[in-house]
Amino acid sequence: MKCNRLLAWLLIAAVFLSVFSTNLTVSYASIGPQQTYSDAASISQWAKASIDRASELGFVQGSNGKFNPKSSVTRAEFAKMLVSVLNIPMVSKPAGYTDVASNQWYYPYINAVSQVGYMSGYNQKFEPNASITREQMAATIVRALGLKPIQTASLIADADNVSAWAKADVTTILASQIMLGDNNRFNPQGTVTREMAAVVAMRTFDYGKPNETDPETPVVSPIHTKVKTQVKETAAFLQSSVTNPVIASVGGEWTVFGLARSGIKMPDAYYAKYYANVEKKLKEVDGKLHNVKYTEYDRVILALTAIGKGVDDVAGYNLREPLADYETLIKQGINGPIFALIALDSKNYEIPTVAKVKTQTTRELLIDFILNREISGGGWALGEKPAAADPDITSMAIQAFAPYYATNAKVKAAVDRGIAWLSKAQQADGGYVSGGSANSESTSQVIVALTALGIDPHTDARFVKNGHSAVDALLSYAANNKDKGGFYHVKSGGVDNGGAKPGDVDLMATDQAFYALVAYDRFLNGQTRLYDMTDVKA
């Protein structure tokens, strides 16, 4: 698959740069690394590097020693490029354009691109010899490369000048940085010149191409780069803030879990220290972490699984056994079944059979408990009869249901209703409100839930409000001062609802933001979801 993908990008660049003459019969062999053009002085400074590189690679040649950088590219030439790049089959059925005659060289190519829907005309005319516009090129590249729609705040001052049919594609092409504007303007109806096309072609060539210094690492999108940078900064913050991880909801499992799932290299001693603290605590309490809060066991199971440790014999105790006691497990309310499922499914753990319990836990019982707590209209919240859904609990329920979404019809229907509710509950800045306060943790849980279902929380239109995605919202809580790497629970000036004061970095918020960004990073990398740890080796 990697070879095929690389070949595709090579073809894109090669053909993109070779279709600028009507007959399209150039010979690349005639241009070598030392080739210079007699009109090089007329090439714009911003295009020189791309044109030089394309020439060195043998992708482009001039005419009579000239590059003709300001000459335009026609729609017919662009159609032939698409046919070559995508190997679109020629069709005998005419596209029906009144200005495309069967005896013209471009006839079969225009028929082909029209048949697959990559390019089209207007009022039965294709205008083959017209120069292709920047917005037309943007729309065609997006369709041809299968770029996912990206919705962000307006990146250009002349956004209102973009044709309605091209707005989404222009936004996507700008966000992917394959095409850029000039002086904060895109000039959507402007024509595409040969030097513009050369620059765009090389960006297209590099987009998705393996990194030259690390062939296994693909070039990533701007938002992915931003997330990766934040993950590294927050990992460093957590490592310096939690130097002695213990069994605790703050300063314990979630830090260990997030660091382990991030893939960031940690000293072996760090995880060894945590494991020693777990063993010490279990011995002190004779294996009983809590009488009712069985999420204590769930957290430890998740952390140990993430670092490749077994959970059946930790200081002589089987951490799965308490989860077999259904009646005690549900005393914690909906959190009990949610996190029991998450922990058990993290590595397909079986539920031990324990004779002394009143009701033996089964996955079916846990699923039914959560289903029965769904609120009318979709979503979940704490308590037996809550008045309204809550984004945190709704997201956590969806996280627990992720492994069953494709196989359990009742689960799928409930999750779909929950997703619809989360979309409606999203605020104008892309974030979420819980307990009367806009906070980072709610957004973190939404991101984990969406990525667990294969939904992109940054580009899916359901989770972008006014150009702001859930990922944008979470990143806006990141501290950039002396606590760089940390996250606020509530931003400065926000409503205090417990936890750190507005504008102060909060360790619980940081833990959750960290593993949410890790979940998104894993999603973009094509790795298993955050809580699916079948990829972890013991």
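Source: prediction; values computed, not measured. No hydrogens, no waters, no symmetry mates; every other heavy atom, side chains included, goes into these values. Sequential numbering from 1 along the given sequence is applied to the chain's residues.
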Quick one: does [X]'s side chain get under 4.5 Å of [Y]'s, heavy atoms only?
X: Thr534; Y: Asn348; answer: yes
X: Val170; Y: Leu174; answer: yes
X: Val250; Y: Val242; answer: no
X: Ser262; Y: Asp521; answer: no
X: Lys412; Y: Phe401; answer: no
X: Phe487; Y: Asp511; answer: no
X: Leu450; Y: Phe523; answer: no
X: Leu329; Y: Pro337; answer: yes

Side-chain donor/acceptor of [X] to backbone N/O of [Y], under 3.5 Å:
X: Thr295; Y: Asp298; answer: no
X: Arg363; Y: Leu344; answer: yes
X: Asn372; Y: Asp368; answer: yes
X: Asp325; Y: Gln360; answer: no
X: Glu253; Y: Ala248; answer: yes
X: Asp506; Y: Ala500; answer: yes
X: Thr234; Y: Val231; answer: no
X: Thr361; Y: Leu323; answer: yes
X: Gln399; Y: Tyr531; answer: no
X: Ser442; Y: Asn439; answer: no

What is the minimum heavy-atom distance between [X] and [Y], and which atoms define it?
X: Ala516; Y: Ile447; result: O-CG2, 3.6 Å
X: Ile173; Y: Ala138; result: CG2-CB, 3.8 Å
X: Tyr297; Y: Leu319; result: CB-O, 4.1 Å
X: Asn277; Y: Pro245; result: ND2-O, 2.8 Å
X: Ile370; Y: Trp380; result: O-NE1, 2.7 Å
X: Gly431; Y: Asp429; result: N-OD1, 2.9 Å

What I want to find out is whether Arg261 reaches Asp535 closely enough, with some N-O distance under 4.0 Å, to be called a salt bridge.
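Looking at Asp535 together with Arg261, the answer is yes, because their closest N to O distance falls below 4.0 Å.
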Kindly compute the distance separating [atom1] ([X]) from [atom2] ([Y]), expressed to the nearest 0.5 Å.
X: Glu441; Y: Gln445; atom1: CD; atom2: CD; value: 8.5 Å
X: Thr255; Y: Met508; atom1: OG1; atom2: CE; value: 10.5 Å
X: Leu474; Y: Gln230; atom1: CG; atom2: CD; value: 8.0 Å
X: Leu365; Y: Ile330; atom1: CG; atom2: CD1; value: 8.5 Å
X: Lys293; Y: Thr328; atom1: NZ; atom2: OG1; value: 15.5 Å
X: Asn244; Y: Tyr270; atom1: CG; atom2: OH; value: 8.5 Å

Cation-pi geometry met for Lys309 and Tyr275 (6.0 Å, 45°):
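Cation-pi check for Lys309 and Tyr275: passes.
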Taking the six-membered ring of Tyr326, is NZ or CZ of Lys358 closer than 6.0 Å to its centre and within 45° of its axis?
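The answer is no; the distance or angle limit is not met.
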Tyr349-Thr305 side chain donor-acceptor pair, cut-off 3.5 Å
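A donor-acceptor contact under 3.5 Å links the two side chains.
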Under a 3.5 Å threshold, yes or no: a donor from one side chain and an acceptor from the other, between Tyr317 and Asp286?
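Present: a donor and an acceptor within the cut-off.
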Give a yes or no on whether [X] atom [atom1] has more than 12 heavy-atom contacts from other residues, nucleotides or ligands under 6.0 Å away.
X: Lys465; atom1: NZ; result: yes
X: Glu284; atom1: CD; result: yes
X: Lys491; atom1: NZ; result: yes

Test log, rule side-chain contact (heavy atoms from CB on, under 4.5 Å), inputs His458 and Val227:
CA-CA 11 Å; His458 183 63; Val227 167; over 6 Å; no
Side chain to side chain donor-acceptor pair (under 3.5 Å) between His489 and Asn497, intermediate numbers included
CA-CA 9 Å; His489 162 56; Asn497 70 343; 2.7 Å; yes
Under 6.0 Å between the ring centres of Phe463 and Tyr432?
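For Phe463 and Tyr432, the ring centres are not under 6.0 Å apart.
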Tyr515 and Trp254 aromatic ring geometry - parallel, tilted or perpendicular at 30°/60° bounds
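Tilted, since the angle between the ring planes falls between 30° and 60°.
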Would Thr229 and His224 count as a side-chain contact (heavy atoms from CB on, under 4.5 Å) here? Give the steps.
CA-CA 9 Å; Thr229 299; His224 197 178; over 6 Å; no
Stepwise side chain to side chain donor-acceptor pair (under 3.5 Å) check, Arg522 with Thr451
CA-CA 9 Å; Arg522 294 182 64 85; Thr451 55; over 6 Å; no
Derivation of the side-chain contact (heavy atoms from CB on, under 4.5 Å) call for Leu530 and Val518
CA-CA 7 Å; Leu530 181 70; Val518 167; 4.1 Å; yes
Any chance you could lay out the side-chain contact (heavy atoms from CB on, under 4.5 Å) test for Phe257 and Met533, step after step, and finish with the verdict?
CA-CA 11 Å; Phe257 170 77; Met533 290 184 274; 3.8 Å; yes
Have a look at Arg299 and tell me which of Val256, Ile342, Leu304, Ile247 forms a side-chain contact (heavy atoms from CB on, under 4.5 Å) with it.
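For Arg299, the side-chain contact (heavy atoms from CB on, under 4.5 Å) test succeeds with only one of Val256, Ile342, Leu304, Ile247, which is Ile247.
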